[in-house]
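First comes the structure, then the notes that go with it.
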Amino acid sequence: MSAICWRLGVTALVLFTATCTGALAEKKYDPGASDTEIKLGNIMPYSGPASAYGVIGKTEEAYFRKINAEGGINGRKISFISYDDGYSPPKAVEQARKLVESDGVLLIFNSLGTPSNVAIQKYMNDKKVPQLFVASGATKWNNPREYPWTMGWQPSYQSEAHIYAKYLIREKPDAKIGVLYQNDDFGKDYLRGLKDGLGAKSSMIVSEQSYETSEPTIDNQIVKLKASGADVFVSIATPKFAAQAIKKIAEFNWKPLQIVASVSSSVGGVMKPAGFENTQGILSAAYDKDGTDPQWDNDPGMKNFAAFLAKYYPEGNKSDGALIFGYGAAQTMVKVLQMCGDDLTRANVMKQAASLKDFVPDTLLSGIKINTSATDFAPIQQLQLMRFKGEKWELFGDIISGEPSH
Amino acid sequence: MSAAEDVVTEAPAVEAVPKRAMTLGLGTSLVVLAALCLAPLFVKNFIIFQMTMLLIYALAVLALNILTGGSGQFSLGQSAFYAVGAYTSAILMEHANMNYALTLPIAGVICFAFGFIFGQPALRLSGVYLALATFALATAMPQLLKLGFFEHWTGGVQGLVVTKPDAPFGLPMSQDMWLYYFTLAVSIGIYIASVNLLKSRSGRAFMAIRDNEIAASAMGVDVALYKTLAFGVSAGITGVAGGLGAIAVQFVAPDGYTITLAISLFLGMVVGGVGWLPGSIVGSAFIIFVPNIAEGISKGLSGAVFGVLLFLVIFLVPHGARQVAMIAQGLIAKLKN
């Protein structure tokens, strides 16, 4: 009798505590999340003119495979659904709708390209589905008031250009700047940042020359820039053209102070083909580590990265910056999902993504941290200046925040 | 050999399609129409959106079909007309706050004028040379749209975001469904008009030019006028399709209207059957869904898989959907007997 009473008592107690803890850690799900699975959507240009970036999607897929092999996130496996949009905005809309309405993903992560993301931004915000860590450097992703469901990841082109402007104003206040830029959203966003950064001193820019990606050479532009009497050359170009510009400048025996945009700072992709004898003293800025730079050989973060590549993505090319990018973005995504705990609703995902505090993915430069808040949707805002010396970049100066002071 | 003989002995670029064979029978048309009307009631919004895009691309393919299948002229520049139509609608809606339905006829008229003017130099060119001239137009268009001069209206490289219309009169249907029925109504209107155009005097003139230009002019057809007219009509319809496309996708940007689009439309026309108007919708389905299927088979090799599928279609049924329809018709006739 007493035994039965005791047992009943224990059962009641267990039930009570169970309901209590259940109420505390209540599991909440939106479409795309369950006890066993989290569905993430992604859109990449695996085909078409920007297909070189498709590597980012493949790296992310490999990273989530690693996370799943290690037990997933709070016991849930990530299923990563990545579609091709061929860098075409209408196709991106179709794929985004397929992901949200047909596949039922929890969110769309790191979809690539400014035009494709602008095309789906309104839809994602109307549907209240997170468009998280957009893979584009456009400045417009940091607008939580109008687009509370969209967030960028990398430093914006404008932030980076601000840093160069600050540097020039401080170190070379009487500079005459010649700018070469690519005639598209990337080039123009950058140029705007440079002018904003120079502010009242934007008359320092003495010549602006643009080129189209379809042009075979940029000799003409370089000749005009040299003729303008500029003593600072700012190169807002993609790798192929950046390397050409450096070579031409050497051939024309022009010796300006050169600044190249970080997208073209790859040692293997730009500096080496341009010839190391021509690239000494060039300036740029960085926020992540270069996979081929020997100075990171003993860095614990890069050791993790190398181990990941060896095991989960052995065919990946280490000198491709897209791998570093995809790895860092995927790591940030995993961090946010871990922070969400058992509350995997879309609203909570955005809330957690906007509460990152001093998070440091393995591949970021030491000192650069990811911070977000309800009014700050720009995760990475800091960069460090670097100067090319010998066969590698040497970082110098402090970590600088490039966010315009609004 | 004189120039005239040269033209005469040259094999016709487009196989002559008899007028009767250009359309579907009444019964079949009604069945297809009923299917198009009822299908959205049973599927998700995403599928409705895809069906809307299917109709829009079908219109663009139809426009090319009138040009190539009707008057025998080639064009790889349809993406340029599509872009002009899309931008016209988007600019009028966003900058002039015009009703979306009103922007379509304007887009059509502007594109008609644009196509008509472009048809003038095209008169001197034929066959592959004309295809190359239009190709130039298609490659130039995205860059023209990026020009700083137009940036105030076009939004430059960033493009323009378009607001999607709600269903009018408080009809209880989603935006997607309303837009689908709206597109369907426009498509049916244009389809019927196109069929009538090809059956009319003008249509006969188009086909006479296609089959033999010299014979046509000997019979009193004003070759120059009808060739440019075909270009104008084709561009106008493409412009309306572009306008609808801008409303459905809610976004226009130069990168959406590259040469790839023009080639897709050309491909859709060939797969659907050159000169067979109902084939346009089959061709449109091919260019929308087959890349998705190819991606499903292999992500890394989607382009190659698409190529293989395309090769199979061209190899097995060179006349596209028209050939399949003919075979089916033959089988049904046999069963009836």
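Owing to the predicted nature of the structure, the values given are computational and were not obtained by experimental measurement.
The distance from the NZ atom of A:Lys122 to the NZ atom of B:Lys164 is 10.5 Å, given to the nearest 0.5 Å. To the nearest 0.5 Å, atom NZ of residue A:Lys98 and atom NZ of residue B:Lys44 are 11.5 Å apart. The distance from the CG atom of B:Asn292 to the CD atom of A:Glu94 is 5.0 Å, given to the nearest 0.5 Å.
Only the side chain of A:Lys140 comes within contact range of chain B, judged by heavy atoms closer than 4.5 Å. At a 4.5 Å heavy-atom cutoff, the contact between B:Thr163 and chain A is made by backbone and side-chain atoms alike. Residue B:Phe46 touches chain A through both its backbone and its side chain, counting heavy-atom pairs closer than 4.5 Å. At a 4.5 Å heavy-atom cutoff, the contact between A:Tyr83 and chain B is made by backbone and side-chain atoms alike. With a threshold of 4.5 angstrom between heavy atoms, A:Glu212 approaches chain B through side-chain atoms but not through N, CA, C or O.
Considering only heavy-atom pairs separated by less than 4.5 Å from chain B, the leading option among A:Ser88, A:Ser47, A:Ser102 is A:Ser102. Of the listed residues (B:Ile288, B:Asp176, B:Val252), the greatest number of heavy-atom pairs within a distance under 4.5 Å of chain A belongs to B:Asp176. Listed options A:Ser116, A:Gly54, A:Pro115, A:Ala138 were ranked by heavy-atom pairs under 4.5 angstrom with chain B; first place goes to A:Pro115. Of the listed residues (A:Pro90, A:Gly86, A:Gly113, A:Gly57), the one with the most heavy-atom contacts under 4.5 Å to chain B is A:Pro90.
Crowding of A:Tyr53 atom OH: a count of heavy atoms from other residues, nucleotides or ligands under 6.0 Å not exceeding 12.
Applying the side chain to side chain contact (heavy atoms under 4.5 Å, CB included) test to B:Pro142 and every residue at least two apart in sequence or in another chain returns B:Pro254, B:Thr258.
Residues of residues 133-141 of chain B lying within less than 4.5 angstrom of chain A, judged on heavy atoms, are absent.
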Derivation and outcome, side-chain contact (heavy atoms from CB on, under 4.5 Å), residues A:Asn183 and B:Gln143: CA-CA 9 Å; A:Asn183 188 20; B:Gln143 293 191 3; over 6 Å; no

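Checking side-chain atoms of B:Glu295 against main-chain N and O of A:Asp84 turns up a donor-acceptor pair under 3.5 Å.
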